[in-house]
Every structure is written in C-alpha cells, then in structure tokens.
Student: 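Take a look at this one; I'll ask things after.
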Amino acid sequence: MENVTPSLVENIEKALEEIRPFLKNDGGDISLIDIDEAENIVKVKLLGACVGCSVNQMTLKSGVEMTIKKHAPQIQKVINIEE
C-alpha cells in the first residue's frame, strides 16, 4: 500500500474495525490487502467462516463496502481476494 494517503488508510481501517465484530460473531474476520487509490478500489480478504460462507458476497457488498464508503466516500469498489 505504498503511495496511499495515510488518512485514507486510516479511514478504511476504521471502517473495517466497525464491521469486524459482526464478522467475528459469525466466526469470520477481514484483512485489508491493498488500496488502489488511482482506481478507488479496496482489496480485502475475508477470513475464517467467511471464506466458505454462501452469503459472503452479500456481506462484502452490503456490509463491508457500504461501511468503507461511509468512511471513505471516494472508494468505488471493494474486492475480496481469494487465495
């Protein structure tokens, strides 16, 4: 995450901290992988029970992406990196 505005990283981390308790409640978690500030894309990795969950795309869009956009409105898209 080189050359990313520190305040943007901070805002995204705040958003992830806000959503993390809900994910942990279901046995999952989330990790920030990368921020593409030029494209306004955040890459995350869902962890734990979230990996194989049938509703993880809904969680990503309506939970994670919505919360990140609340803290960092310039972000256009959140992508889950599955490795």
Student: For Lys61, is the NZ atom crowded, meaning more than 12 foreign heavy atoms sit under 6.0 Å from it?
Tutor: yes
Student: Would you sort out whether Glu10 and Lys14 count as a salt bridge (charged side-chain N to carboxylate O under 4.0 Å, His left out), showing the intermediate values?
Tutor: CA-CA 6 Å; Glu10 187 178 310; Lys14 279 184 199 171; 3.8 Å; yes
Student: For Glu18 and His71, work out which heavy atoms get closest and say how close.
Tutor: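 Looks like OE1-NE2, 2.8 Å.
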Student: Please test Leu32 against Glu13 for side-chain contact (heavy atoms from CB on, under 4.5 Å), starting from the C-alpha separation and ending with a verdict.
Tutor: CA-CA 8 Å; Leu32 177 60; Glu13 288 288 0; 3.5 Å; yes
Student: Going hydrophobic residue to hydrophobic residue with side-chain gaps under 4.5 angstrom, can you get from Val4 over to Ile75?
Tutor: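 Linked within one cluster.
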Student: So how far is it from Ile30 CD1 to Leu46 CG, rounded to the nearest 0.5 Å?
Tutor: 5.0 Å
Student: For the pair Asn56 and Val51, evaluate side-chain contact (heavy atoms from CB on, under 4.5 Å) and give the outcome as yes or no after the intermediate values.
Tutor: CA-CA 7 Å; Asn56 72 9; Val51 174; 5.9 Å; no
Student: Taking all non-hydrogen atoms of both residues, which atom of Asn80 and which atom of Lys45 are closest, and how far apart?
Tutor: OD1-CA, 3.4 Å
Student: If you define the side chain from C-beta out and look only at heavy atoms, does anything of Gln76 sit under 4.5 Å from Ile41?
Tutor: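 Sidechains of Ile41 and Gln76: no contact.
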Student: Is Glu65 reaching over with its side chain to a backbone N or O of Val78, donor-acceptor style, under 3.5 angstrom?
Tutor: yes
Student: Quick one: do Asn11 and Ile68 satisfy side-chain contact (heavy atoms from CB on, under 4.5 Å)? Show the steps, please.
Tutor: CA-CA 8 Å; Asn11 287 342; Ile68 287 176; over 6 Å; no
Student: Check whether Ile33 and Leu8 end up in the same hydrophobic cluster, where Ile, Leu, Val, Met, Phe, Trp and Tyr are linked by side-chain heavy atoms less than 4.5 Å apart.
Tutor: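 Per the 4.5 Å side-chain linkage, Ile33 and Leu8 are not co-clustered.
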Student: What closest approach, in Å, do Cys50 and Gly28 show between heavy atoms, and which atom pair accounts for it?
Tutor: SG-CA, 3.7 Å
Student: Check this for me: Lys24, atom NZ, are more than 12 non-hydrogen atoms of other residues, nucleotides or ligands nearer than 6.0 Å?
Tutor: no
Student: For a 4.5 angstrom cut-off between non-hydrogen side-chain atoms, does Glu37 reach Thr5?
Tutor: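 Sidechains of Thr5 and Glu37: in contact.
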Student: Pair Leu23, Leu47 - check side-chain contact (heavy atoms from CB on, under 4.5 Å), show working.
Tutor: CA-CA 9 Å; Leu23 298 175; Leu47 305 167; over 6 Å; no
Student: State plainly whether one hydrophobic cluster holds both Leu60 and Ile12, where clusters connect Ile, Leu, Val, Met, Phe, Trp and Tyr through side-chain heavy atoms under 4.5 angstrom apart.
Tutor: yes
Student: Between Ile19 and Val64, which heavy-atom pair has the shortest distance, and what is it?
Tutor: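 Taking Ile19 first and Val64 second, the nearest heavy atoms are CD1-N, 4.0 Å.
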